[in-house]
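What follows is a set of notes on a single structure, which appears directly below.
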Amino acid sequence: MTIAGHQVDDAMFSYIAQNFDADTCKLLLKADPLLSFDKSFAILQIECRKKARNKIPELLSHEHFLFPKAISAEQCTHELVAQFHASHFNSGEQVLDMTMGLGVDDYYIAQHVQSLTAVELESDIAEVGQYNFSLLASNVDVIFGDSVEFLKTSDRRFDAIFIDPARRGDGGKRLYGLADCLPDVLALLPIIKNHAPRLYVKASPMIDVTQSMRDLEPYLTDVWAVSIKNECKELFFKLDFEQGANDVLLHALNHDGCGWQHFDTHFSNHYSSDNPIQPVAGYYLYEPNASIMKLGCYNAVEERFHAPQLAVNSHLMVSNKLETDFPGRHFMILEVIPFKDKEIRQLGKCHKQINVATRNFRLTAETLKDRLRVNDGGDLYLFGTTLSSSEQVLILCEKVI
C-alpha cells in the first residue's frame, strides 16, 4: 500500500524490527536494490522509534505504528501526559481535537469517549494518522484540513474541544504567549464557544501563566502545570463556557517515576509570602518540584506543610518536621556554611563528590562546583542560596526521600 507517498508493506515492518539496533547511516549507504518498500521511510521509522521509545512505549508496542516525520518523534506528547489529558473526558462524549499531530493524545482520549474527530493541517501527517487509527481505534475520524475553517463551516456540536497550538514561529523562534501560537486560541474563543461547552488548551511551559490566565478570563476554571521527573512539560488550561469560575484552581503535577505528586490550591492563595526562616542543622530542607515552581504557589505550600521559605526568592523551604508528602525533594540539613573563601576551600577538601544546585545565588551551579573543585555524584547535596538577611550560604544536606 502507499501511505503519504511511501510504499509500505509487511516486509518493511520486518526490516524495521530486524534493523532496530543497526546504524541507520550505514543502512542508508547499503545497496538494497530489490526492496519492495520505501527504504528511506523504513529508516525514518527506526530513528523515530529510537527517539520516542521512552515517551510512548505503549503505542510503539504496535509494530505497524508509523511516524509521518522525524519531528513527530521529537515533539510528541509523553504517554503519561497524554493519559492525564484523557482523564478529563468521559464515556459517551463526542470530542474534537483541532491539532492532531502524531495523535498520542487522541490515542488515549479515544479510549475514554464515544467518538473523536481529529483535524490535521498537513496532508502527510493526516494520511499517516488515518492509517494508524484504522489499526488502533475505530472511533477516531481523522480529517485533513484547517480546523479553524472546519469550525467556521460546520454546525456540529461537541461535548469538548482539545487544542495544542503550534509553539514555534518562523525559523524556530520560541513563542511565549497564547496569541502568538498557531492557531490563535484567544481569537478563536467566540467560534469555539459556539461548538462546545468545554475547551482544553495544551500550552508550552515557557508561556507566562498569569498573563495567560488573564487572557482566558472569564471562562478559565483550572490550570495544571504538568512535569515528568521534575521537568515541566506543559501548562494545561480548562475553560468552561457555561459556568466559568470566580477563583481559578491551580494544580501542580509531577510524575517522579513511581507515581504522581499532586498539589492543588486556589489562584487567590498562590503568591509567595514574606515569612522567612533560618536553616538549622537537623532541620529538613524542601525543594518544591518544577510544577510548583512554574505556578509560583509557594505561599499555599508553606501554609499546607508549615515550611516557611528561606527567603522570598530562594524557593527553598525548611521545617523541623519531616513531611513525606511534600511535593518535591526532601533533605536533612547537615551543616549551614557561610559563603566565604576559607569555608569553600575546607568544604572542597573534605568532599570530592557533591550534587550542587543554586537558588537565588550569585553563582551558577557549575561555577560554584568549579570553585569547590568537586564532581557531581555521591550522597551529599549542596544548595547555594541567599537568606532573608541577604547573607549567602551553602547548605549541606543528605537526601531523605
Side-chain angles (χ1 to χ4, degrees), residues 77 81-82 84-90 93 95-101 105 109 119 146-152 157-169 173-227 232-253 262-272 290-300:
T77 306
V81 178
F84 158 73
H85 294 155
S87 68
H88 296 277
F89 303 93
N90 304 307
E93 289 191 326
V95 176
L96 170 68
D97 179 4
M98 296 181 64
T99 49
M100 181 186 72
D105 288 306
I109 292 172
V119 184
D146 184 330
S147 59
V148 176
E149 292 302 315
F150 173 82
L151 286 182
K152 287 180 178 179
R157 287 280 299 176
F158 299 90
D159 296 291
I161 292 177
F162 176 89
I163 187 168
D164 178 12
R167 302 180 186 186
R168 293 180 184 271
K173 179 182 177 182
R174 289 187 179 275
L175 305 174
Y176 300 100
L178 290 174
D180 298 322
C181 298
L182 295 174
D184 180 352
V185 176
L186 303 182
L188 289 175
L189 288 180
I191 298 173
I192 292 174
K193 182 181 177 183
N194 290 331
H195 289 271
R198 302 192 329 268
L199 171 67
Y200 295 94
V201 182
K202 175 181 173 182
S204 165
M206 299 300 294
I207 69 169
D208 185 312
V209 180
T210 305
Q211 183 58 53
S212 298
M213 290 175 65
R214 294 193 191 103
D215 291 339
L216 295 171
E217 290 178 343
Y219 308 115
L220 185 67
T221 64
D222 298 83
V223 181
W224 290 264
V226 185
S227 298
C232 192
K233 295 295 187 181
E234 69 174 35
L235 292 169
F236 194 59
F237 302 89
K238 176 186 175 182
L239 283 72
D240 189 322
F241 297 117
E242 295 181 342
Q243 295 183 0
N246 294 323
D247 192 5
V248 176
L249 285 173
L250 302 180
H251 312 271
L253 274 67
H262 295 262
F263 183 81
D264 305 320
T265 186
H266 290 275
F267 177 68
S268 58
N269 194 33
H270 94 295
Y271 291 103
S272 182
S291 291
I292 297 288
M293 297 273 195
K294 181 59 188 177
L295 295 176
C297 46
Y298 305 109
N299 186 42

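The model shown is predicted, which means the values in this text are computed figures rather than measured ones.
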Evaluation steps, side chain to side chain contact (heavy atoms under 4.5 Å, CB included), between Met213 and Val248:
CA-CA 9 Å; Met213 290 175 65; Val248 176; 3.8 Å; yes
Walk me through it: do His251 and Phe263 pass the test ring-ring contact (aromatic ring centres under 6.0 Å, His included)?
CA-CA 6 Å; His251 312 271; Phe263 183 81; over 10 Å; no
Stepwise ring-ring contact (aromatic ring centres under 6.0 Å, His included) check, Phe241 with Tyr219:
CA-CA 5 Å; Phe241 297 117; Tyr219 308 115; 5.0 Å; yes
Chi angles and distances behind the side chain to side chain contact (heavy atoms under 4.5 Å, CB included) call for Asp97, Ile109
CA-CA 10 Å; Asp97 179 4; Ile109 292 172; 5.8 Å; no
Decide side chain to side chain contact (heavy atoms under 4.5 Å, CB included) for Leu295 and Thr265; before the verdict, give the C-alpha distance in whole Å, the side-chain angles of both, and the deciding distance to 0.1 Å.
CA-CA 10 Å; Leu295 295 176; Thr265 186; over 6 Å; no
Output, in order, the C-alpha distance, side-chain angles, deciding distance and verdict of ring-ring contact (aromatic ring centres under 6.0 Å, His included) for Trp224 and His262.
CA-CA 10 Å; Trp224 290 264; His262 295 262; over 10 Å; no
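With respect to the salt-bridge test (charged N to carboxylate O, under 4.0 angstrom), the residues Asp105 and Lys202 qualify. Between Glu93 and Arg198 there is a salt bridge, since at least one side-chain N of the basic residue sits less than 4.0 Å from a carboxylate O of the acidic one.
None of Leu199, Val119, Leu188, Asp164 except one satisfies the side-chain contact (heavy atoms from CB on, under 4.5 Å) rule with Met98; the exception is Leu188.
At distances below 3.5 Å, not a single donor-acceptor pair connects side-chain atoms of Arg214 with backbone N or O atoms of Val209. Between the side chain of Asp184 and the main chain of Asp180, no donor-acceptor pair closer than 3.5 Å is present. For Ser291 (side chain) and Ala225 (main-chain N/O), a donor-acceptor pair under 3.5 Å exists by modelled atom type.
Here the side chains of Phe237 and Asp222 are not in contact, with every heavy-atom distance at 4.5 Å or above. With contacts defined as side-chain heavy-atom distances shorter than 4.5 Å, the pair Leu186/Leu216 qualifies. Side-chain contact between Pro197 and Arg157 is present, with heavy atoms from C-beta onward closer than 4.5 Å. Inter-residue side-chain proximity for Pro183 and Ile163 is flagged as met; some heavy-atom pair is nearer than 4.5 Å. Taking 4.5 Å as the limit, some side-chain heavy atom of Ile292 sits within range of a side-chain heavy atom of Tyr298. Using a 4.5 Å cut-off on side-chain heavy atoms (C-beta onward), Leu249 and Thr221 make no contact. At a threshold of 4.5 Å between non-hydrogen side-chain atoms, the residues Glu234 and His85 count as touching. Between Leu96 and Leu151, some side-chain heavy-atom pair lies under the 4.5 Å cut-off.
Lys238 and Tyr200 make their closest contact through CG-CE2, 3.6 Å (heavy atoms, listed as atom of the first residue, atom of the second, distance). Between Thr77 and Ala82, the shortest heavy-atom distance links the atoms CG2-N, 3.7 Å. The heavy-atom pair separating Gly177 from Ile207 by the smallest distance is N-CG2, 4.0 Å. Closest of all the heavy-atom pairs between Ala196 and Asp159 is CB-C, 4.4 Å. Of all non-hydrogen atoms in Ala166 and Cys181, the two that sit nearest each other are O-CB, 3.1 Å. Contact detail for Asp247 and Phe267: the closest heavy-atom pair is OD1-N, 3.6 Å.
Using cut-offs of 30° and 60° for the angle between ring planes, the Phe84 and Phe236 rings count as perpendicular.
Here the OG-CD distance, from Ser212 to Glu217, works out to 11.5 Å after rounding to the nearest 0.5 Å. Atom CD1 of Ile161 is separated from atom CD1 of Ile191 by 10.5 Å, given to the nearest 0.5 angstrom. Within the model, atoms NZ of Lys294 and OG of Ser227 stand 10.5 Å from one another, a figure rounded to the nearest 0.5 Å.
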